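Notes for the one structure printed next.
The shown structure was predicted, so the numbers you read here are calculated from the model rather than taken from an experiment. One is the number of the first residue; the rest follow in order along the sequence.
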Amino acid sequence: MTTNDSATPAIRQTKGGVQSVERAFGLLECIANSQGSATLSHIAADVNLPLPTIHRLLGTLLGLGIVRQLPGRGYALGPGLVRLGNLAGAQLGAIARPYLRTLVEELGESANVATLDGDMVVYVDQVASERQMRMFTEVGRRTHMHDTGVGKAILAELDPEQVRHIVSTAGMPTPTEHSIATIEDLEAELDRIRERGYSIDEQEQELGVRCFAMSVPDAPSPLAISVSGPISRVDEDFAQRAIPLLRSAAEQISADMRRGA
């Protein structure tokens, strides 16, 4: 391991950023990307920092409750992040909610917003249709990315290496016969999403349910919105109406986030 503090390629650096803050977040990202826990040796190999620096940063994060130490001397994300995560999710939902309501009013089906959460996607807000059928989507639910409209919309915005890392870590379960089962099929699907500008969950998460989704451009963290409902109503005619409305909502959410930044 190098002992040169300036050589930290695994940690993203921002222009004018505070180095210790960037390094602390690098440790948190390392733990998060390791399914929520990591050994000291794994962290050291991933972030490429001197061990004394890692010990010092982990000690501070432990004291704040942001990280906790496991019995086997590994490290996991701590309870101090729960409140921050809940607040961040609520704020994202508050920004998107007016536009979700408009989608429901215009289309008559449920609208959702979701964000990347480690190697999964989590729903942070939903406006349900008055004629809502029971579906798996609910606020706070974490699910795989390869078989959901919002998940695939987010994956299509990531680089191929990150997509492969997410899929290899989370796996590719197939809840229905329509679910994507291989990385090759997923990559082909992501190419189609990039070409047309939106994703479709074609009964891949739940039989009888179709979903159209679109990523929010220039969001501070990967974000996507969707509309979903039974295949009997969410058909090709529905798509012709929904796609322009989804695009407009995504652009307006993006603009609101930039104004609030």
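- Exactly one of I225, D256, V104 qualifies for a side-chain contact (heavy atoms from CB on, under 4.5 Å) with Y99. That residue is D256.
- Inter-residue side-chain proximity for S199 and E189 is flagged as unmet; no heavy-atom pair is nearer than 4.5 Å.
- No side-chain heavy atom of R241 sits less than 4.5 Å from a side-chain heavy atom of E106.
- Heavy atoms only, all atoms of each residue included: V227 and A242 are closest at CG2-CB, 4.2 Å.
- A donor-acceptor pair is defined here as one N or O able to donate and one able to accept, closer than 3.5 Å; such a pair exists between the side chain of R194 and the backbone of A156.
- Residues I180 and M172 meet the side-chain proximity criterion, which asks for heavy atoms closer than 4.5 Å.
- Annotation: the span from I43 atom CD1 to S37 atom OG amounts to 9.5 Å, rounded to 0.5 Å.
- E204 places no side-chain N or O within donor-acceptor distance of the main-chain N or O of H178, the cut-off being under 3.5 Å.
- The minimum heavy-atom distance between T115 and P222, with the atom names listed, is OG1-O, 2.7 Å.
- Here the CD atom belonging to Q252 is positioned 13.5 Å from the CD1 atom belonging to I95, to the nearest 0.5 angstrom.
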Would you please test L186 and L155 for side-chain contact (heavy atoms from CB on, under 4.5 Å) and show each step? CA-CA 10 Å; L186 177 61; L155 285 177; 4.2 Å; yes
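- Annotation for A128 and S110: closest pair CA-OG, 3.5 Å, computed over non-hydrogen atoms.
- Counting only distance, with no hydrogens or angles, the side chain of R23 and the backbone of L57 share no donor-acceptor pair below 3.5 Å.
- Once rounded to the nearest 0.5 Å, the distance linking CD of Q69 with CG of L61 reads 12.5 Å.
- At distances below 3.5 Å, not a single donor-acceptor pair connects side-chain atoms of S248 with backbone N or O atoms of L245.
- E130 has no carboxylate O lying under 4.0 Å from a charged side-chain N of R101, or vice versa, which leaves the two without a salt bridge.
- Within 6.0 Å of the CD atom in E195, the count of heavy atoms belonging to other residues, nucleotides or ligands does not exceed 12.
- Cluster membership check: I166 does not share its hydrophobic cluster with M120, using side-chain heavy-atom separations under 4.5 Å among Ile, Leu, Val, Met, Phe, Trp and Tyr.
- In this structure, L40 and H55 have side chains that are in contact, with non-hydrogen atoms separated by less than 4.5 Å.
- Side-chain atoms of S254 come within 3.5 Å of backbone atoms of P217 as a donor-acceptor pair (strictly under, hydrogens ignored).
- Here the straight-line distance linking atom CG of L190 with atom CD of E187 works out to 7.5 Å at 0.5 Å rounding.
- Closest approach of A153 to A224, counting heavy atoms only: CB-CB, 4.1 Å.
- Judged by distance alone, the side chain of H146 and the main-chain N or O of P173 form a donor-acceptor pair under 3.5 Å.
- Heavy atoms only, all atoms of each residue included: Y75 and I31 are closest at O-CG2, 3.9 Å.
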One pair to check against side-chain contact (heavy atoms from CB on, under 4.5 Å): E161 and H165. What are the steps and the verdict? CA-CA 6 Å; E161 293 77 15; H165 175 77; over 6 Å; no
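- The shortest side-chain heavy-atom distance between E157 and L223 does not fall under the 4.5 Å cut-off.
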Determine whether F212 and L107 satisfy the following criterion, side-chain contact (heavy atoms from CB on, under 4.5 Å), listing intermediate values before the conclusion. CA-CA 12 Å; F212 295 96; L107 298 169; over 6 Å; no
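- In this structure, the side chain of H144 engages the main chain of A170 through a donor-acceptor pair within 3.5 Å.
- Remark: the T60 side chain and the R56 side chain contain no N/O donor-acceptor pair separated by less than 3.5 Å.
- L100 has its side chain out of reach of Q126: every pair of non-hydrogen atoms, C-beta onward, lies at least 4.5 Å apart.
- The shortest distance between side-chain heavy atoms of V167 and M145 does not fall below 4.5 Å.
- Here the shortest heavy-atom pairing between L70 and A76 reads CD2-CB, 3.9 Å.
- Put simply, CD1 on I54 and CG on N48 are 8.5 Å apart, with the number rounded to the nearest 0.5 Å.
- Here the CD1 atom belonging to I200 is positioned 8.0 Å from the CZ atom belonging to R210, to the nearest 0.5 angstrom.
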Checking side-chain contact (heavy atoms from CB on, under 4.5 Å) for the pair N112/S228: CA distance, chi angles, key distance, verdict? CA-CA 8 Å; N112 307 278; S228 55; 3.6 Å; yes
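- Annotation: side chain of D201 is not in contact with side chain of D147 (no heavy-atom distance under 4.5 Å).
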